[in-house]
A.B. asks: 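To start, I am sharing the structure in question, which I have written as structure tokens.
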Amino acid sequence: MTTRMTLKQAAAAGVLMLGLGSPAGATLNNLEGAAEVSRLTLKATTQQTVYARECDQCPLLTLSIDAQTQYLDGRRATNLARVAGRTRGATVFFHPKTFKVTRVAFWRQP
């Protein structure tokens, strides 16, 4: 009985491995990029540019803010008028192909 269970388990594992092995050639697509900015000050206009890096050694990115950009203050949704003019750290999320900013998440003040 123990041998039969082991054979069933081995067969199930083999089927599972074959099923998982097939998408190995699949490519991963980045749906969203993110960059941290330690000091970000936004103007009260919907059309503006943010310069940021995804890492310290990464190239400088030119990101575009437009009317569709969303804003978060901590975890709360807010609008551009409430965050404009203040200098704070933020994570800037953007579309990796168009470099358009999808949302800006300002960090909470300590």
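FYI, the numbering just counts along the sequence from 1.
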A.B. asks: Which atoms form the tightest heavy-atom contact between L40 and A90, and what is the distance?
C.D. replies: CD2-CB, 3.9 Å
A.B. asks: Can you check whether E36 reaches W107 side chain to side chain, under 4.5 Å on heavy atoms?
C.D. replies: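 Yes; the side chains approach each other to less than 4.5 Å.
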A.B. asks: I'd like to know if R108 pairs up with D73 as an ion pair, taking the criterion as any Lys NZ or Arg NE/NH1/NH2 lying under 4.0 Å from an Asp or Glu carboxylate oxygen.
C.D. replies: no
A.B. asks: Compare every heavy atom of Q68 with every heavy atom of D66, then report the nearest pair and how far apart it is.
C.D. replies: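 Looking at all heavy atoms of both residues, the shortest contact is OD1-N, 3.0 Å.
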A.B. asks: About how many Å separate CD of Q70 and CG of L80, when rounded to the nearest 0.5 Å?
C.D. replies: 13.0 Å
A.B. asks: Please name the pair of heavy atoms, one in T91 and one in A34, separated by the smallest distance, quoted to 0.1 Å.
C.D. replies: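 Scanning both residues, the minimum pair turns out to be CG2-CB, 4.2 Å.
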A.B. asks: Any side-chain heavy-atom pair from V92 and E54 closer than 4.5 angstrom?
C.D. replies: no
A.B. asks: Mind checking whether V50 and I65 have side chains closer than 4.5 Å, heavy atoms only?
C.D. replies: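 Yes, side chains in contact.
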A.B. asks: Could you state the interatomic distance from NZ (K100) to NE2 (H95), rounded to the nearest 0.5 Å?
C.D. replies: 10.0 Å
A.B. asks: To the nearest 0.5 angstrom, please state how far the CG atom of N79 sits from the OG1 atom of T69.
C.D. replies: 13.0 Å
A.B. asks: Between Q48 and L42, is there a donor-acceptor pair closer than 3.5 Å when you use the side chain of the first and the backbone of the second?
C.D. replies: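 The answer is no, because no donor-acceptor pair under 3.5 Å joins these two groups.
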A.B. asks: Which atoms form the tightest heavy-atom contact between R53 and A35, and what is the distance?
C.D. replies: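 Shortest heavy-atom separation between R53 and A35 comes out as O-CB, 3.4 Å.
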A.B. asks: Please report the closest heavy-atom contact between F93 and A105, naming both atoms and the distance.
C.D. replies: CE1-CB, 4.1 Å
A.B. asks: Without hydrogens or angle criteria, can the side chains of T102 and E32 be said to hold a donor-acceptor pair below 3.5 Å?
C.D. replies: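 Per modelled atom types, T102 and E32 side chains form a pair under 3.5 Å.
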A.B. asks: Out of curiosity, does V83 fall in the hydrophobic cluster containing Y51 (side-chain heavy atoms, cut-off under 4.5 Å, transitive links)?
C.D. replies: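 Cluster IDs for Y51 and V83 differ.
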A.B. asks: Could you check if a side-chain atom of L61 sits within less than 4.5 angstrom of a side-chain atom of F94, using non-hydrogen atoms only?
C.D. replies: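 With C-beta onward as the side chain, the pair touches.
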A.B. asks: Could you pull out the closest heavy-atom pair between A52 and V37, with the gap in Å?
C.D. replies: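 For A52 and V37, the tightest heavy-atom pair comes out as CB-CG2, 3.7 Å.
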